[in-house]
Asks: 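Right, I'll just put the structure down here and ask away after.
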Amino acid sequence: MTKWFNESDSPQESYIKTMFYGGPGAGKTYTCLKIATALGRTFLIDTERGSEPYRAVFKNPDGSLFRVARVRSPKIIVDEVIPEAVKEGAQCLIVDQVSTIWDDAKDHPATRFPTASL
């Protein structure tokens, strides 16, 4: 019998990656922040500048505000923002909204591949 669920070897390997999908106003950001700020020190990468209303609502377990980086560039997010969040002790990282980054990346000239003709 296959064992699908295994315990992590260490707390450092225990993590979850989730995606929330829904239309505008469905509560995606609210739900993510409610969960993340209850779990630990939260950092939010805000690609659409929509996080400000939540700053007064959600706090980290120690009472501090969750940290926000307002940036859209996938390269900057991967090369600079995420490493800074890790260095500063992020326990939860939210990218809101990842489809914005995807749209920017897929529309960038560097990601267009030549069309093959048969």
Asks: In terms of hydrophobic clustering (I, L, V, M, F, W, Y; side-chain heavy atoms under 4.5 Å; direct or indirect links), are Val57 and Leu65 co-clustered?
Replies: no
Asks: Would you kindly confirm whether Ile45 and Ile94 end up in one hydrophobic cluster when ILVMFWY residues are joined by side chain heavy atoms under 4.5 Å apart?
Replies: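 Not linked; separate clusters.
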Asks: Just to verify, what does Thr29 make a side-chain contact (heavy atoms from CB on, under 4.5 Å) with, not counting sequence neighbours?
Replies: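 So Thr29 forms a side-chain contact (heavy atoms from CB on, under 4.5 Å) with Leu33, Tyr54, Asp96.
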Asks: Start with the C-alpha distance between Val71 and Thr47, add both sets of side-chain angles, then the distance that settles side-chain contact (heavy atoms from CB on, under 4.5 Å), and finish with yes or no.
Replies: CA-CA 5 Å; Val71 61; Thr47 66; over 6 Å; no
Asks: Between Asp46 (side chain) and Arg49 (backbone), is there a donor-acceptor pair under 3.5 Å?
Replies: yes
Asks: Looking at Asn60 and Gly40, what are the two nearest heavy atoms and their distance?
Replies: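 Looking at all heavy atoms of both residues, the shortest contact is OD1-O, 3.3 Å.
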Asks: Excluding sequence neighbours, so at least two apart, what forms ring-ring contact (aromatic ring centres under 6.0 Å, His included) with Tyr30?
Replies: Phe58
Asks: Please enumerate all residues that pass salt bridge (Lys or Arg N to Asp or Glu O under 4.0 Å) together with Arg41, with sequence neighbours excluded.
Replies: none
Asks: Give the other cluster members for Phe20, using side-chain heavy-atom distances under 4.5 Å between Ile, Leu, Val, Met, Phe, Trp and Tyr residues; answer none if it is isolated.
Replies: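 Ile35, Leu39, which link up through side-chain heavy atoms under 4.5 Å apart, make up the rest of the cluster.
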Asks: For Gln97, is there any backbone N or O sitting under 3.5 Å from a side-chain donor or acceptor partner on Lys28?
Replies: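 Answer holds: no.
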Asks: Between atom CD of Glu48 and atom CZ of Arg72, what is the distance when rounded to the nearest 0.5 Å?
Replies: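 Here the rounded value is 6.5 Å.
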Asks: Give every donor-acceptor pair under 3.5 Å between a side-chain atom in residues 76-86 and any protein atom, sequence neighbours left out.
Replies:
| residue | atom | partner | partner atom | Å |
| --- | --- | --- | --- | --- |
| Asp79 | OD2 | Lys75 | NZ | 2.5 |

Asks: Test your reading of the model: is there a side-chain donor-acceptor pair from Thr42 to the backbone of Ala36, 3.5 Å cut-off?
Replies: yes
Asks: Taking salt bridge (charged side-chain N to carboxylate O under 4.0 Å, His left out) as the cut-off, I'd like each qualifying pair that reaches into residues 53-67, sequence neighbours left out, listed once.
Replies: Arg67-Glu88
Asks: side-chain contact (heavy atoms from CB on, under 4.5 Å), that's the test. Do Phe66 and Val68 meet it? Break it down for me.
Replies: CA-CA 7 Å; Phe66 62 89; Val68 178; 3.5 Å; yes
